[in-house]
Each structure stands twice: as structure tokens, then as C-alpha cells.
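Each chain gets a letter, A, B and so on, in the order its sequence line appears, and its residues count up from 1.
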Protein chains: 2
Amino acid sequence: MSRFKVAEMPAAPGMAIMVEGERNPSLYSVLSGWGFRYKILEDGRRQILNYVLPGDLIGLQGNVMKEMQHSVEALTKMTLCIFERDKLPTLFRDQPTLAFDITWIAAREESMLDEHLLSIGRRNAQERAAYLLAFLDARAQATVGGHQEHRQLPLTQQHVADTLGLSLVHTNKTLRKLAEQGLVRWLDRGCEVVEIEGLYRLAGWRPPNETGRPFI
Amino acid sequence: MSRFKVAEMPAAPGMAIMVEGERNPSLYSVLSGWGFRYKILEDGRRQILNYVLPGDLIGLQGNVMKEMQHSVEALTKMTLCIFERDKLPTLFRDQPTLAFDITWIAAREESMLDEHLLSIGRRNAQERAAYLLAFLDARAQATVGGHQEHRQLPLTQQHVADTLGLSLVHTNKTLRKLAEQGLVRWLDRGCEVVEIEGLYRLAGWRPPNETGRPFI
DNA sequence: CGGAAACTTGAGTTACGTCAACTACCGTGG
DNA sequence: CCACGGTAGTTGACGTAACTCAAGTTTCCG
């Protein structure tokens, strides 16, 4: 893989890593930190599509489609690994195993989007919030491997609202209820998961166990 | 590609092509007809994730993940092309161009799911309905190539409701309003698009122009 | 220490959901 | 031929989850 690596790049919180409409952007993989993908309607309504964590690819779509259909922003301090664009066909020719890993990652992304769609389409506010926090906690645990003591998610309530498709006010009231039930604790700009099992139960969801996961 | 083709298979409307939880299902490509992917919650709430049309792959996820995370059902009469499972690694080794096409299709699916997520999360009922019908019309036009006179979509209002994350009753009232505006006409289990530009305008959306699209 | 960003809270509004009919349109079988 | 049962679509009355507006408080950061 190192043959395709160009450089590493840091990104500060709030930084735009990729913007909708961009043509042929670089291809990145996330080495550390959190980011999120989103789209906005003309009048400013924003929908967060998914979060990117270490091991995820950013910009694959732009290398395959004509232009990027979504934007990506850093949530925390991140470090990215930049790959040479235009080298994707070469990679597919010379590194079939890596190519398969890329497809694996794309299929997993699709699977996550399916879950989110189910959540936003058919779950109510509490279930949605519980699902999102459980989902992010599971991803965070999976990336560090093993279990963390402080299960903290680096989001603001505005991010949660824009992910769940709810208003900020209603999101706040919903999160408050989860906190009253002792499932989470809301910190300054972040959320600490206290009772993961309670979240699973409320959401009616459990994380899939990922086997054979590649890390690019 | 024919080296990996096993057989063709017809599917009748309503037939379950693939069910959630299935392990290592076959990999299909759609030769003709319409189907849809969906997930259901334990209490029966259903969310349609996307529609599958000619040229789409079915079951890639199951060949990459441990088991299928969603179900697929035929909407119309379909013909499917069955590929030999377990041959995916071989294909990636021997047919890099085909492998790239598969990734291309996966990336496009992801792009469509992004759009749906934006729609369900941030658009109101009318905008959502307009978007969905415009989206499906665009896909239908793209698969036949050129322009059809009768732009008919083979759905029931229940399908529309389960795609938009709305109740059946509210979906009906919303579609009625679109019909009153002369944008669509609702037939017996199907919808005819009358004023595609009006739908685009209402949805605030236009179909992307797909270049270099592979057909497997 | 001042200003901005994040979080809270209450009051009033609305879009969408639920319930409960009813009509229309089949295809099937008596 | 008509009775029928099932699916799809339609409509009105009413309930409620979530939205908007508006005003706070708290926390962070320069």
C-alpha cells in the first residue's frame, strides 16, 4: 500500500476535508481522529450521513464518480493518509487483495447507511438517539480494540440533531431523557456512554461483529 | 464475466430474492425488472432502502460480510443472472477491470443512499415524495436509455410510504396533492410521471449524469 | 473580562400519525 | 352470472410527536 501513499496530513477540528462538487479529489484514509460526511440543501438544512473513523476511506466516490456528492469535515484533530489519485486502476491491477479490501470497506459503508436509513425513517426520537450513540460507541470501541473506560463521543448536540434529522431543541430534550434514565451523561461538547446495554435495548439494535476487517 | 455466470433465474412479483440474516447468499445481477431492498424492525415497521434495476448487483454485501443485513424482494417480474459465490477473490485477481466496475457500482449505491438519507432526514413530505418519484423516473429513463413516452413506476402507495418513512395515509394525501398540481397521475398500482421538471423543482434536486457506467 | 458557542427550558404551533370508514377493482369459484 | 374476499386507494376526525420561537444559563476561549 505504501507504494500509493503520497503524504500524511493533519486536520484541525472544523476543517473542510472535502467539499461537495469537487472534481477528482484526493483519496484519503483516516489514521486517527473523527470526522463526518454531510450534505446540505439549498436553504441550509444539513444532514450528516455518517462518521469517519480510523481505517475509513474518504473520497473514494470522487475517484469513481465525476465529482464528490457530499462534504467531509473534521470533528476532532485528525491525521489523514493521502493517496495518489488516478492510481486506483493501477492498484486494482497490481494489488487485487487491496482492491478487495476497498470493496469490503465500501460494502460496510453501505451497510451502515442502510442502518441509518432504517433509523431515521422508522424509529422515533428516543430510539434514534439511542441507536446513534450505541452505534458510535461500538465503532469507537472497535477502532481502539479492547474496551475503554471512558467511552466518550466527541460531538455537539447540533451534530446529533443533524444526524438524526431532528431539530436542535427536540434533540436536547431527547438526550436529556436518556441522561435521566442514566444511560448517558452529556459533557461539555461530547457524550459519555454509561449504560451501553440500555441503549441497545432502547434502540432494538446490536452492533454486528466484524470479521476479517481490513485496515488500509 | 461469463466465466462466473452460473445460470439465469426468473423471479415473480413479491418473491423474496434474499432475506436478512442469510449467510453467503448467491451474487446476482439484475437483467430485467424492478426489485427493492428493505429492513424491518422487530415490531414490523419496514423501511425500503433502495430499488434495484437492471445493471444493479444484489448480494454483494453478503459475499463480503458474514451475513446479509437486509432483504430483497421483486417488485415486478424479474430475470436475474446468478454468479458463483466464493469466486469473488478469483475475479478480483483475474479481472481487475471487472473488479473496478463492481466497486464503481458499490460507490454509486452509496451515493444514492446518501441522497435518500438527506431526503428522509431533512425534506418534508411533499419534497420527499417529489424527490423519490423524480429519482425513480431518472433511474428508469437511464436503464432504458433514451426517453420513454409512458414514464410509469411500478409501485404501490405502501411502497412509497415505506420508502419515505411516512404513514400510508399521509403518503396518500401527499401524492394526491402532487396529482392535483398535475405533476403525476396515480394509476392502479403504479405512478405515471407527468411533469418531471415540476418534481425536480419541488424536490430541489436533479439527477446526476452518470458517465462511464459499467453494465455487468 | 467579554463575546461567542453550546446547552436548557417553556409556550404555542403544525406536520404527520392513528383510527375508522368507505369505495373501487380485481380474480376466483359457486 | 353473481357473490365473495382480498388488495389498493381515499377521506375525515382527532391525537401527538416534533418544530418554532424566544429567552435564558453555562462554558469555553481569546
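Remark: of the listed residues A:Glu195, A:Gln126, A:Arg176, A:Gln126 is the sole one forming a side-chain contact (heavy atoms from CB on, under 4.5 Å) with A:Gln181.
Note: CG (A:Asn124) to P (D:dC19) measures 12 Å, nearest angstrom. Atom CG of B:Leu166 is separated from atom P of D:dA18 by 13 Å (rounded to the nearest Å). Atom CZ in B:Arg122 sits about 9 Å away from atom P in D:dT20, given to the nearest Å. Whole-Å rounding puts the B:Arg185 CZ to D:dG9 P distance at 16 Å. One interatomic measurement links the two molecules: CG of A:Leu187 to C1' of D:dT26, which rounds to 14 Å at whole-angstrom precision. Rounded to an integer number of Å, the gap from CD1 of A:Ile120 to P of D:dA18 is 13 Å. When the P atom of D:dG12 is taken as reference, atom NZ of B:Lys173 falls 8 Å away, rounded to whole Å. D:dT10 atom P lies 14 Å from atom CD of B:Gln158, rounded to whole Å.
Closest approach of A:Trp186 and A:Thr156 over heavy atoms only: CZ2-C, 3.9 Å. Annotation for A:Leu132 and A:Tyr51: closest pair CD1-CE1, 4.3 Å, computed over non-hydrogen atoms.
In summary, contact between chain A and DNA chain C, defined as any nucleotide atom under 4.0 Å from a heavy atom of the protein, begins and ends at C:dA6 to C:dA11 in the 5' to 3' direction.
Using a 4.0 Å heavy-atom distance criterion, A:Gly14 is classed as making no nucleic acid contact.
Between B:Asn172 and A:Leu168, the one whose closest nucleotide on DNA chain D sits nearer the 5' end is B:Asn172. Residues A:Val169 and B:Val169 both approach DNA chain D. Their nearest nucleotides, taken by heavy-atom distance, put B:Val169 toward the 5′ side.
A donor-acceptor distance shorter than 3.5 angstrom exists from the side chain of A:Arg128 to the backbone of A:Leu164, with no hydrogens or angles considered.
Using modelled atom types, one finds a donor on one side chain and an acceptor on the other under 3.5 Å when comparing B:His116 with B:Tyr131. For the residue pair B:Asn50 and B:Glu109, a side-chain donor N or O sits within less than 3.5 Å of a side-chain acceptor on the partner.
Picking from D:dA8, D:dA18, D:dC28 the nucleotide with the shortest atom distance to the side chain of B:Thr156 gives D:dA8.
A:Asp56 has a carboxylate O that lies under 4.0 Å from a charged side-chain N of A:Arg139, or vice versa, which qualifies the two as a salt bridge.
Checking the phosphate oxygens (OP1, OP2) of D:dT10, a side-chain nitrogen or oxygen of B:Gln157 falls inside 4.0 Å.
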